[in-house]
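Any value given below was found using the heavy atoms of this structure, including those in side chains, with hydrogens, waters and symmetry copies removed.
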Amino acid sequence: RVFRVPLVRRPCPGVVPRAPLARQVLRAMGPPVVSLVFLALWVSFWSPAMAAGESELSWSSYLTQTFYHLTVLPLLIATVVLAYLARPSTTDEFPAGFVRFQVIYLSVWALCVAADWLQGPFVYALYADYGFDGSEIAQLFVAGFGSSLVFGCFVGTFADKFGRKRSCLLYCLMYILSCMTKHCKSYSWLMVGRITGGIATSLLFSCFECWMVSEHLQRHKFSGGLLGFMFGLMYTIMYCVAIASGLAGQAAADAMPFEPIYEGSIVYMGGKCGPFDLAIACLVVATGLIAVFFEENYGSSDGDGGSAGSPSLMDNVMTAGRLLFTDRRVLLLGFVVSAFEGSMFAFVFNWTPALRSEAIPPPHGVIFALFMMACMCGASSATLLGGSVLPALRLMGTFFVAFAAFAVSSYAAAGHNEDYLRTSFASFLLFEFCCGVYFPSVGVLKSSIVPEKVRGTVYNLYRVPLNGIVVSLLLSKIAMATVFKLNALLLLGAFASIASIGAAKARDASQAAGAGV
């Protein structure tokens with residue numbers, strides 16, 4: 001028998017004893033998330049009633065307006081339970097200054113991702129309200145995807161040279177410009193806004209993370225365990241903010257009528273311009289916080305001439321290309337990434353027209369919040385299953401379920417009937433759940449298959465066929481039901497590819513075991 005003797009812990013100088021987990025999460029997530037949730041609840045519940053001249057609006061009447069609203073409460077409960085079970089944690093002590101660093105960065109991150117999420121549900125609907133047809137809207141979407149793709153190829157190098165803090169400020173300025181163009185009923189100005197918005201998206205999902213990692217490890221010398229904890233909080237906050245942003249954006253869209261500022265003007269106010277104004281407010285506050293609290297940092301460089309012996313960009317591309325044709329698993333993984341993410345981008349473009357209805361006008365912000373709840377449920381499920389189910393097996397199940405979701409939605413889209421709205425919506429929720437499972441699972445799989453020395457180059461090469469799939473699906477003017485059928489076929493191919501990757505990994509493992517014997 002082992003007798004455990006309790007030890008009295010004395011804090012080391014400069015180290016803050018680790019608080020209970022609930023207090024850690026509340027301390028880090030509280031300021032940004034609670035304020036956003038409060039704003040979302042206020043504007044989504046009381047603001048519509050005030051705009052309609054009603055003195056009272058009960059929760060029961062709000063949550064039973066449509067079948068979309070009926071889904072909010074049960075899905076929210078499931079999201080909270082799964083998120084709590086999969087919550088981020090750490091066993092490391094909190095050094096002096098860590099909590100301040102944590103609150104500053106996560107507050108800025110919450111505001112910046114809120115600005116991004118506030119816009120998503122309303123872009124297609126706003127273009128449709130301006131009177132643009134489906135092909136013109138598709139061209140605008142392709143411009144946004146294309147600018148993000150092109151700039152994303154060198155955004156890391158740009159931030160390393162230009163400065164991560166300056167790049168974060170540039171994100172805010174570019175997105176403010178993008179949001180301002182949404183008030184203009186001009187195809188040219190909207191195209192400018194899509195391009196600047198695409199560039200801003202590339203900055204958001206690279207520069208902020210690079211700044212945080214550098215400050216965490218280089219300037220403050222915090223531990224790697226706390227870095228993992230920060231990443232967990234980052235993406236937990238991102239999903240929470242996305243849910244709150246959907247509700248807040250919906251209320252902002254409902255608060256004022258959509259109309260030109262004067263008769264015959266091309267500048268509009270109110271309606272679906274409201275969420276973009278709310279995004280500008282978030283970006284203005286974030287700009288002030290970044291300017292005051294962020295320190296500048298740059299990418300590291302070898303001062304001893306080591307860069308002269310490093311491979312050039314063309315050498316990396318040639319090496320990555322040879323790897324694609326010599327390692328079957330790398331090639332199959334590229335098809336998996338292109339197939340799933342291509343179908344995801346096609347879904348992003350098509351869900352708004354798929355749920356269009358005169359009888360039940362879709363509350364785009366509420367629907368987007370529900371999508372994010374389903375996605376967060378999927379991410380939490382992937383975390384909970386991470387220790388017991390291999391990534392390849394998780395992805396096989398994910399692709400099969402996503403295939404079924406698009407098969408059902410293609411059938412519903414072909415019906416062109418109000419009765420199919422619930423079917424389409426349910427299948428979309430199922431696909432969003434699959435997206436939540438996909439990203440953490442494929443990230444682990446990519447890290448185990450793609451060699452470190454050419455990882456960035458291979459990931460960029462994966463985006464070439466992905467871009468081709470997205471452009472083909474958006475600009476081909478094929479029927480929506482056909483797009484969903486093609487998505488289902490892509491996912492069926494992804495299922496077969498991931499099964500082949502799993503079989504190859506199992507074969508390699510058995511051969512290694514045999515060689516060891």
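If you run ring pair (Phe, Tyr, Trp, His ring centres under 6.0 Å) between Phe345 and each of Phe340, Phe141, Phe145, only Phe145 comes through.
Ring geometry, Phe400 versus Phe403: the interplanar angle falls from 30° to 60°, so the pair is classed tilted. Ring pair Phe428/Phe347 is perpendicular by interplanar angle, where above 60° counts as perpendicular and below 30° as parallel. Ring geometry, Tyr438 versus Phe399: the interplanar angle falls from 30° to 60°, so the pair is classed tilted. The aromatic rings of Phe368 and Trp117 sit tilted relative to each other, their planes meeting at an angle between 30° and 60°.
Sorted by first and then second residue, the pairs that involve residues 131-145 and meet side chain to side chain donor-acceptor pair (under 3.5 Å), not counting sequence neighbours, are Asp133-Ser135, Gln139-Tyr187.
Looking at Lys446 and Val337, their side chains come closer than 4.5 Å, going by heavy atoms from C-beta outward.
The structure places SG of Cys112 at 5.5 Å from OH of Tyr171, a figure rounded to the nearest 0.5 Å. We find the CG-CG distance between Leu76 and Leu370 to be 9.5 Å, quoted to the nearest 0.5 Å. Here the CG atom belonging to Leu355 is positioned 7.5 Å from the NE2 atom belonging to His364, to the nearest 0.5 angstrom. To the nearest 0.5 Å, atoms CG (Leu429) and SG (Cys434) are separated by 11.0 Å. Between the CZ atom in Arg329 and the CD1 atom in Ile498 there is a gap of 11.0 Å [rounded to 0.5 Å]. Interatomic distance, Glu209 CD to Leu204 CG, rounded to the nearest 0.5 Å: 10.5 Å.
Between Tyr411 and Phe484, the distance from one ring center to the other does not fall under 6.0 angstrom. The aromatic ring centres of Trp351 and Phe371 sit less than 6.0 Å apart.
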Cut-off 3.5 Å, no hydrogens considered: what does the side-chain donor-acceptor table look like for residues 377-388, sequence neighbours left out?
{"unit_1": "Ser380", "atom_1": "OG", "unit_2": "Met376", "atom_2": "O", "d": "3.0"}
{"unit_1": "Ser381", "atom_1": "OG", "unit_2": "Cys377", "atom_2": "O", "d": "2.8"}
{"unit_1": "Thr383", "atom_1": "OG1", "unit_2": "Ala379", "atom_2": "O", "d": "3.1"}
{"unit_1": "Ser388", "atom_1": "OG", "unit_2": "Leu385", "atom_2": "O", "d": "3.4"}

Show which side-chain atoms of residues 172-182 pair as donor or acceptor with protein atoms under 3.5 Å away, not counting sequence neighbours.
{"unit_1": "Tyr175", "atom_1": "OH", "unit_2": "Asp116", "atom_2": "OD1", "d": "2.5"}
{"unit_1": "Ser178", "atom_1": "OG", "unit_2": "Lys182", "atom_2": "NZ", "d": "3.3"}
{"unit_1": "Ser178", "atom_1": "OG", "unit_2": "Gly193", "atom_2": "O", "d": "2.8"}
{"unit_1": "Thr181", "atom_1": "OG1", "unit_2": "Ser178", "atom_2": "O", "d": "2.6"}
{"unit_1": "Lys182", "atom_1": "NZ", "unit_2": "Ser178", "atom_2": "O", "d": "3.3"}

Enumerate, atom names and distances included, each donor-acceptor pair closer than 3.5 Å involving a side-chain atom of residues 269-285, sequence neighbours excluded.
{"unit_1": "Lys272", "atom_1": "NZ", "unit_2": "Asp129", "atom_2": "OD2", "d": "3.3"}
{"unit_1": "Asp277", "atom_1": "OD1", "unit_2": "His183", "atom_2": "NE2", "d": "2.5"}

Criterion side-chain contact (heavy atoms from CB on, under 4.5 Å) on Leu491 and Ser343, from CA distance to verdict | CA-CA 8 Å; Leu491 290 165; Ser343 64; 4.0 Å; yes

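Applying the side chain to side chain donor-acceptor pair (under 3.5 Å) criterion to Asp327, with sequence neighbours excluded, gives no partner residue. Residues satisfying the side chain to side chain donor-acceptor pair (under 3.5 Å) criterion with Thr66, sequence neighbours excluded, are His69.
Cation-pi geometry between Arg422 and Phe425 is not met: the NZ or CZ atom fails to fall both under 6.0 Å from the ring centre and inside 45° of the normal.
Using a 3.5 Å distance cut-off with no hydrogens or angles, the side chains of Ser202 and Ser148 do pair a donor with an acceptor.
Summarising the geometry of Leu332 relative to Ser500, their closest heavy-atom pair is CD1-OG, 3.4 Å, with the distance given to 0.1 Å.
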